[in-house]
Asker: 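Just dropping this structure here.
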Amino acid sequence: MADDKKLTPRASDFSAWYNEVVLRAELADYAPVRGCMVIRPNGYGIWERMQHALDGMFKATGHRNAYFPLLIPQSYLHKEAQHVEGFAPETAVVTHGGGKELEEPLIVRPTSETIIYSMFAKWVQSYRDLPLLINQWANVVRWEMRTRLFLRTLEFLWQEGHTAHATHDEAEEETRSILGIYREFMEKWMAMPVVTGLKSENEKFAGALRTYTLEAMMQDNKALQAGTSHNLGQNFAKAFELKFQSEEGKEEFAWNTSWGVTTRMVGALVMTHGDDNGLVTPPKLAPIEVVIVPIWKTDDEKARLTENADRIAKTLREWGGRGEDQLRVHVDARAGMRAGEKYYEWELRGIPLRLEVGPRDLAANQCVLARRDTREKTTASLDGIAGTVGALLERMQGAMFAAARERREAHSVREPMTYDKFRELMEGDGAFVYAGWNGDPAVEVKVKEETKATIRVLPDPEFRSPSAPTKCMVTGEPAKVEVMWARAY
RNA sequence: CGGGACGUAGCGCAGUCCGGUAGCGCACCUGAAUGGGGUUCAGGGGGUCGCGGGUUCAAAUCCCGCCGUCCCGACCA
């Protein structure tokens, strides 16, 4: 009977566990259209905090928000050869409007390079108009065959940055700089470690010169691409006649970058930190950081405890320890519910800290603090409670990142291994496997067919092994580069 | 689009083989006792059994057609 209330344990069926957490923590729900998802207030609250943090980082680096249309003439998609090849199969097409067949079908944007660079071409004449640094928060549609809540839906929310520069080097610097912003966000806010670096030719964005990626490890040891930053070279500038007159008076094509992160990050958060009791949210992204649960028996106590809970909430909110950033506190004074039932509910929703206060605590001028990440309970004096709570939340943020990184390292392999061993590992627990590669795309295709694993990233120097691998794991030929292999979502 | 499974209350399911008044658990509503980790008892509301047709005195159940969903593959932030 009680089993109905329990979650599927993570270890027994990770996918079922994930779905249950998303649905039961009320992050999202299935929509009537297959593959689409409704993001509920609990889930949107987390997304909003993500948006806010990222938006601040983009603005601080000179980017400005704009908005471009949902509908794009189909011919635009065809102007960049690789781009159309990559996206045409998964675009939704509008063929009718106003009851009539359209002369030219419109596509629902799967991404906005084409429409944005066609506009950039009108806006840019001189090198003085560059760099042009634009971001948009929008929804896009990609007609995926198989979908998963947050990780892959037909329609999703994202931010897509698009920039134009006068030189290749400046565009490359922008691409890397954005990768740094994403990394900082994922590590500091999401408490989620990532491996950064370059995508292989097979895996890069359709139409890009180079694609940089951030790869995170989920708790089933599979990789999730958490964000990308592309150096588009002059591919789109040439397709859309995005030209400018240089300081020397010459006509030149601009250099573009594009980059994005999506609501997939909400799914990543669940899969990185969640446990058998549900969601665990890092304090910085939690719409509610502290839930106060007053405990009472009699009506008399109820009035007294509720009043004191409100008073504690006020003390927490008025604490100035984080400057303008007020502690986000909720008091759960619902009647007719046992305290234990409330605890399970808030744990399922991932609220970082629970503050319990009952008659006995009040008499002793103390309360109980229960951490969501470790589920440890301690008692704390009500004197200076705001400072105690503020400091604890900050420690938790750091502890969650450390724990996630430790877990990832425990499932990362850097020792040279045979291809047979690798196959065995991928069939079993899975891992991030760092190994040498001869640089041949055919090897990557073969490995994908045989093991479902792909080259997730050509890691940046700080993620590479202390001594560079000398041989290709698959062919035994001399290695051209170190790569990280894993199965991915 | 290929292979498999399934559509019965908000959710999870039994009932279908062998036709005979629509069931169970959770959730929801009312009342009481309980109350520091999912409490208990009593009462109650809620269903065109995916849709359409056929067989039959009688269909959730048998037959035909359609629709939809999920899982495995190909695709992907």
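Residue numbers begin at 1 in each chain, while the letters A, B, ... track the order of the sequences.
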Asker: May I have the step-by-step check of salt bridge (Lys or Arg N to Asp or Glu O under 4.0 Å) for A/Lys452 and A/Glu427, ending in yes or no?
Answerer: CA-CA 9 Å; A/Lys452 294 184 197 163; A/Glu427 286 300 324; over 6 Å; no
Asker: Expressed in whole Å, how much space separates the C1' atoms belonging to B/C13 and B/C70?
Answerer: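 Here B/C13 and B/C70 have their C1' atoms 16 Å from each other.
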Asker: For a side chain to side chain donor-acceptor pair (under 3.5 Å) with A/Glu347, tell me which candidate from A/Arg372, A/Lys342, A/Arg354 qualifies.
Answerer: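 When A/Arg372, A/Lys342, A/Arg354 are each tested with A/Glu347, the side chain to side chain donor-acceptor pair (under 3.5 Å) holds only for A/Arg354.
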Asker: Does the ring center of A/Phe205 lie less than 6.0 Å from the ring center of A/Phe87?
Answerer: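 Yes - the distance between ring centres of A/Phe205 and A/Phe87 falls below the 6.0 Å cut-off.
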Asker: Describe the nucleic acid contact of A/Glu347 in one word from base, sugar-phosphate, nothing, applying a heavy-atom distance below 4.0 Å.
Answerer: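 Base: the residue A/Glu347, judged by heavy atoms under 4.0 Å, touches a nucleobase.
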Asker: What's A/Thr228 touching, base or sugar-phosphate or nothing? Going by heavy atoms closer than 4.0 Å.
Answerer: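 Since no nucleic acid heavy atom lies under 4.0 Å of A/Thr228, the category is nothing.
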Asker: To the nearest Å, how far apart are A/His83 NE2 and B/A77 C1'?
Answerer: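 One finds 14 Å between C1' of B/A77 and NE2 of A/His83, rounded.
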Asker: Provide the Watson-Crick or G-U wobble partner of B/A5, both distances under 3.5 Å; none if there is no partner.
Answerer: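 Because both required distances fall under 3.5 Å, B/A5 counts as paired with B/U69.
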Asker: Using whole Å, what does the distance between atom C1' of nucleotide B/C71 and atom CG of A/Asn19 come to?
Answerer: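 Result: 12 Å.
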Asker: Counting Watson-Crick and G-U wobble pairs only, both distances under 3.5 Å, name the nucleotide matched with B/G38, or none.
Answerer: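 Base-paired to nothing in any strand shown.
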Asker: Would you kindly give the CE-to-P distance between A/Met271 and B/A77, to the nearest whole Å?
Answerer: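 A/Met271 atom CE is separated from B/A77 atom P by 16 Å.
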Asker: Establish, with yes or no, whether the OP1 or OP2 oxygen of B/G37 is under 4.0 angstrom from a side-chain nitrogen or oxygen of A/Lys377.
Answerer: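 For A/Lys377, the contact criterion (side-chain N or O under 4.0 Å from OP1 or OP2 of B/G37) is not met.
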Asker: Do A/Leu70 and A/Val108 come close enough that some side-chain heavy atom pair is under 4.5 Å?
Answerer: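 When only atoms from C-beta onward are counted, A/Val108 and A/Leu70 do touch, with a gap below 4.5 Å.
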Asker: Please classify the nucleic acid contact of A/Val261 as base, sugar-phosphate, or nothing, using heavy-atom distances under 4.0 Å.
Answerer: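 Here A/Val261 touches no strand at all.
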Asker: Could you give the distance separating B/A14 and B/G25 at their C1' atoms, to the nearest angstrom?
Answerer: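 My reading of the C1' atoms in B/G25 and B/A14 gives 11 Å.
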Asker: With both distances under 3.5 angstrom, what nucleotide forms a Watson-Crick or G-U wobble pair with B/A59?
Answerer: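 Check on B/A59: unpaired, no WC or wobble geometry under 3.5 Å.
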Asker: With rounding to the closest Å, how many angstrom separate the C1' atoms on B/C71 and B/G31?
Answerer: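 Between the two C1' atoms, the distance is 46 Å.
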Asker: Between A/His411 and A/Phe432, is the ring centre distance below 6.0 Å?
Answerer: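 Centroid separation for A/His411 and A/Phe432: 6.0 Å or greater.
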Asker: Looking across every strand, which nucleic acid part, if any, lies under 4.0 Å from A/Pro359 by heavy atom: base, sugar-phosphate, or nothing?
Answerer: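 Touches a base.
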Asker: Within residues 294-310 of chain A, find the residues that approach RNA chain B with a heavy atom at under 4.0 Å, and present them sorted by residue number.
Answerer: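 Residues of residues 294-310 of chain A that come under 4.0 Å of RNA chain B are, in numerical order, A/Ile295, A/Trp296, A/Lys297.
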Asker: Base, sugar-phosphate or nothing for A/Leu151? Non-hydrogen atoms, less than 4.0 Å.
Answerer: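 It contacts base atoms.
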Asker: Check the distance between B/G36's P and A/Lys342's NZ and give it to me in whole angstrom.
Answerer: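 That distance rounds to 12 Å.
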Asker: Starting at CD of A/Glu90 and ending at C1' of B/A77, how long is that distance when rounded to a whole Å?
Answerer: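 Value for this atom pair: 10 Å.
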Asker: Taking only residues two or more places apart in sequence or in another chain, which ones pass side chain to side chain contact (heavy atoms under 4.5 Å, CB included) with A/Asn365?
Answerer: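 A/Asn365 satisfies side chain to side chain contact (heavy atoms under 4.5 Å, CB included) with A/Ser381, A/Leu382, A/Asp383 only.
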Asker: Are more than 12 heavy atoms from other residues, nucleotides or ligands located less than 6.0 Å from atom CZ of A/Phe156?
Answerer: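 Enclosed: over 12 neighbouring heavy atoms sit under 6.0 Å from CZ of A/Phe156.
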Asker: Checking A/Thr211 against A/Glu203: is there a side-chain donor and acceptor pair closer than 3.5 Å?
Answerer: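 No donor-acceptor contact under 3.5 Å links the two side chains.
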Asker: Please give the distance between the C1' atoms of B/C49 and B/G19 as a whole number of Å.
Answerer: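 To the nearest whole Å, 15 Å.
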Asker: For a quick test of reading the model: is some side-chain N or O of A/Arg338 closer than 4.0 Å to OP1 or OP2 of B/G36?
Answerer: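 So the side-chain polar atoms of A/Arg338 do come within 4.0 Å of the phosphate oxygens OP1 or OP2 of B/G36, strictly under.
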Asker: Provide, to the nearest angstrom, the distance between the CD atom belonging to A/Glu341 and the P atom belonging to B/U40.
Answerer: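 Going from A/Glu341 (CD) to B/U40 (P), I get 11 Å.
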Asker: Using the C1' atom in both, what is the distance from B/G46 to B/A9, to the nearest Å?
Answerer: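 Between the two C1' atoms, the distance is 6 Å.
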Asker: Using a 4.5 Å cut-off on heavy atoms from C-beta on, say whether the side chain of A/Val447 contacts that of A/Tyr419.
Answerer: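 Yes, their side chains come closer than 4.5 Å.
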Asker: What's the closest nucleotide to the side chain of A/Arg142 if the choices are B/G37, B/A77, B/C75?
Answerer: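 Of the options given, the side chain of A/Arg142 lies nearest B/A77.
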Asker: Assign each of A/Glu144 and A/Tyr30 to its nearest nucleotide of RNA chain B by heavy atoms, then name whichever residue's nucleotide is nearer the 5' end.
Answerer: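 This one resolves to A/Tyr30.
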Asker: For the residue pair A/Asp220 / A/Tyr489, report whether a side-chain donor-acceptor contact shorter than 3.5 Å exists.
Answerer: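 Yes, because at least one side-chain N or O of A/Tyr489 sits under 3.5 Å from a partner of the opposite role on A/Asp220.
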Asker: Between B/G36, B/A77, B/A74, which nucleotide has the shortest distance from any of its atoms to the side chain of A/Met145?
Answerer: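 Looking only at side-chain atoms, A/Met145 lies closest to B/A74.
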Asker: If B/C24 has a Watson-Crick or G-U wobble mate with both distances under 3.5 Å, name it; if not, just say none.
Answerer: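 Its partner is B/G12.
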Asker: Considering Watson-Crick and G-U wobble pairs with both distances under 3.5 Å, what does B/G43 pair with?
Answerer: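 Checking every strand shown, B/G43 finds its partner in B/C29, with both distances under 3.5 Å.
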Asker: Taking atom P in both B/U61 and B/C26, compute the distance separating them and give it to the nearest angstrom.
Answerer: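 Looking at atom P only, B/U61 and B/C26 are 29 Å apart.
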Asker: Can you identify which nucleotide, out of B/A77, B/U39, B/G36, has its nearest atom closest to the A/Thr153 side chain?
Answerer: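 So the side chain of A/Thr153 is nearest to B/A77.
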Asker: With C1' as the reference atom in both, quote the distance from B/C24 to B/G47 in angstrom, rounded to an integer.
Answerer: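 Each nucleotide's C1' atom is 14 Å from the other's.
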Asker: Which is more 5' along RNA chain B, the nucleotide nearest A/Gly358 or the one nearest A/Ala226? Just name the residue.
Answerer: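 Counting from the 5' end, the first nearest nucleotide belongs to A/Gly358.
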Asker: Would you mind reading off the distance between A/Leu154 atom CG and B/U69 atom P, rounded to a whole angstrom?
Answerer: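 Result: 11 Å.
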Asker: To the nearest angstrom, how far is A/Phe205 atom CZ from B/A77 atom P?
Answerer: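 Spelled out: CZ on A/Phe205 to P on B/A77 is 9 Å.
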Asker: Taking the minimum atom-to-atom distance to the side chain of A/Arg360, which one of B/G36, B/G37, B/A77 wins?
Answerer: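 Among the listed nucleotides, the one closest to the side chain of A/Arg360 is B/G36.
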Asker: Counting only Watson-Crick or G-U wobble pairs whose two distances fall under 3.5 Å, which nucleotide matches B/C49?
Answerer: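 WC or wobble partner does not exist here.
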Asker: In the structure I gave you, are the side-chain heavy atoms of A/Phe120 and A/Ile134 within less than 4.5 Å of one another anywhere?
Answerer: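 A/Phe120 reaches A/Ile134 side chain to side chain.
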Asker: What nucleotide, of B/C75, B/G35, B/G37, holds the atom closest to the side chain of A/Arg375?
Answerer: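 From the listed options, B/G37 comes nearest.
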Asker: Is A/Tyr344 stacked on the base of B/G38, with ring centres under 5.5 Å apart and planes under 30° apart?
Answerer: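 So A/Tyr344 counts as stacking on the base.
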Asker: Look at the side chain of A/Glu356 and decide which nucleotide, out of B/G36, B/A77, B/G73, has an atom nearest to it.
Answerer: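 Out of B/G36, B/A77, B/G73, the nucleotide with an atom closest to A/Glu356's side chain is B/G36.
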Asker: Between B/A42 and B/A60, how many Å separate the two P atoms, rounded to a whole number?
Answerer: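 Their P atoms lie roughly 32 Å apart.
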